[in-house]
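Single-structure report; data block below.
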Amino acid sequence: MSKDKRLNVLLIDDEPERVEALTEALHKLGHNVVCHLPNTSDLNKHVEESLPDIVIIDMDSPNRDTLESMATMSRNNPRPIVFFAEKQNDHKTMSDAINAGVSAYIADGLQPERVTAIIDTAIAHFDAHSSLKAELDKARNQLADRKIIEKAKGMLMKHQGCDEEQAYQTLRKIAMDRHQSLPVVAQNVIEALKGLTGMGK
Amino acid sequence: MSDHLALEKTDLKLGFIALIDCAPLVVAREKGFFSKYGLNVILCKESSWASIRDKVSFGLLDGAHMLAPMPLAATLGLNGNKTPMLTALTLSHNGTAITLSQELYLELVDQITDWNNQEAVGNTFKELIQNRERKPVIATVYPYSNHHYQLRYWLNQHNINTEEDVQLVAVPPTQMLENLANGLIDGYCVGEPWNSLALMQQTGGLLTTGHKIWGSHMEKVMGVTQKWADENPNTHRALVTALYEACKWAEDATNRTELMELLALPPYLDHAAKQLATFNPPYSMEQHFYNENLNMPDRDHGLFLLDQMNDCGQLSGIMVDKDQLVEDVFRCDLYKGWIG
């Protein structure tokens, strides 16, 4: 691939297996992964320094609002990045991306067509990872941990009137907010909800 | 109730961000206002406003707790898929503030005797930052928000240049306190509980509040897409009515303790709300959920927001019929028909 087609990709994702697989796939497409970051406290600096053509980020990362602010925040920025959807009103791609849980930001001025293959690849890897992750989680959790998680899920489902997947997502989000493990969060949730009417057993 | 028969949809998913002003949604669910109107609602905790916008746009959520400028930005297609959105209910007024790092704050405290004299506060702040070695770094969360426009407004008001005199950055709310404590940022403008938490932990002090900058103003709204509103008029009415009653409940001072207990449940604000239950800030941020005129979408504030968007370059190159846009987005007509 000629050099001018090679794009610089910044990955923001805290799932190491997914990062590894996606990086390899992007290299095969002839692109350059300039930087990989888990959730970071100094994203502004990283974006300024690595000047990505495209940023691929977990849709549920709190850093998305930071990325979206950059264009307005520093008007001196020579290459502001913008949300992919603003430039490309391709409803199908957007819908696939949202359902896979992946978001993309591109350097303003870059032709959206140039990143389509990258976004499709990211969607495929995020999709594959969700199914793999579900299997791994099942296999990995120790029996005792699993029991606590199951109980917390059950109480959340009852309390929130939600389904199992939703309850699991709630536990995961709390774990991310608190930087705690899932079993620890599950135990706390059980304690917190136990006091409420009808949630005792 | 026989009215339930007319609901187009009874199972709803609504998004929220873990802030104090998601209270009406939590109250409507926990105190039974949704079920009173035949609605079975799941509240989904979201990690960013961007995620709320995308999930509402693409129907993964029926509606959400939104910053007042968000339905405008979505309708215009700013930083996202162009999706007409609207609101028929204001959920809250005020609740934002500018917090400074303890270091900057203490330097100001020495020089300021009357914090209500905004001009003196502004001038002193300007003098202070111009004598420092590096520009202060001030953070906000999201570009289409009152807090972002308020910060710029206040700086401009005191002739502090937003490019030359300060550095504006964005940081997720959950990282604000940590970044303020470790000196990565020198201040921020955000909504509650993040100002009160900084005060409680003595990592920061209040420079001013959104209420002092603008007077009482619409802060969060119940946002849905135009398409969803067209397809589900009766459900929309039930949703707005239930939330309106929840707003009244949340505003009632006698419910304050119970409200903070509800918000402290793990699916909502979790630990953050627990700490706030007994805290009173030195002066009020005037966060309110209800009064006679508060809950009707405010078109004047909508027009004012469009001016703020324009001033910071967000509307460049876009033709906007401001009056029409505000009329389409802030649906006072629906509010009046449903609430009176």
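Labels below follow one simple rule: chain letters A, B, ... track the order of the sequence lines, proteins then strands, and each chain is numbered from 1. Computed over heavy atoms, backbone and side chain alike; hydrogens, waters and symmetry mates excluded. On a predicted model such as this, the values are computed, not experimentally measured, just so you know.
- With respect to the salt-bridge test (charged N to carboxylate O, under 4.0 angstrom), the residues Asp60(A) and Lys45(B) do not qualify.
- Going from atom CZ of Arg64(A) over to atom OG of Ser51(B) covers 6.0 Å, rounded to the nearest 0.5 Å.
- Among residues two or more places apart in sequence or in another chain, the side-chain contact (heavy atoms from CB on, under 4.5 Å) test is passed with Asp307(B) by Lys322(B).
- Exactly one residue among Leu156(A), Val189(A), Leu171(A) makes a side-chain contact (heavy atoms from CB on, under 4.5 Å) with Pro267(B). That residue is Leu156(A).
- Heavy-atom neighbours of Glu20(A) CD from other residues, nucleotides or ligands within 6.0 Å: at or below the threshold of 12.
- Between Gln160(A) atom CD and Ile42(B) atom CD1 the span is 8.5 Å, to the nearest 0.5 Å.
- Atom OG of residue Ser47(B) and atom CG of residue Asn63(A) lie 10.0 Å apart, to the nearest 0.5 angstrom.
- Using a 4.5 Å heavy-atom threshold, the side chains of Glu30(B) and His159(A) count as touching.
- For the atom pair Ser95(A) OG and Asp54(B) CG, the distance stands at 11.0 Å (nearest 0.5 Å).
- The line from OG of Ser57(B) to NE2 of His91(A) is 8.0 Å long, rounded to the nearest 0.5 Å.
- Between Pro143(B) and Ser69(A) there is a side-chain heavy-atom pair separated by less than 4.5 Å.
- Taking 4.5 Å as the limit, every side-chain heavy atom of Phe58(B) sits out of range of all side-chain heavy atoms of Asn99(A).
- Atom CD of Gln201(B) has more than 12 neighbouring heavy atoms from other residues, nucleotides or ligands inside a 6.0 Å radius.
- Using a distance-only test at 3.5 Å, with no hydrogens or angles considered, no donor-acceptor pair links the side chain of Asp65(A) to the main chain of Ala170(B).
- Not counting sequence neighbours, the partners of His65(B) by the ring-ring contact (aromatic ring centres under 6.0 Å, His included) test are Trp49(B).
- The contact between Leu78(B) and chain A is made entirely by backbone atoms, counting heavy-atom distances below 4.5 Å.
- Glu68(A) contributes atom CD, which lies 4.0 Å from atom CZ of Arg53(B) (distance to the nearest 0.5 angstrom).
- Between chain A and the residues Asp11(B), Leu265(B), Leu43(B), the most heavy-atom pairs under 4.5 angstrom are made by Leu265(B).
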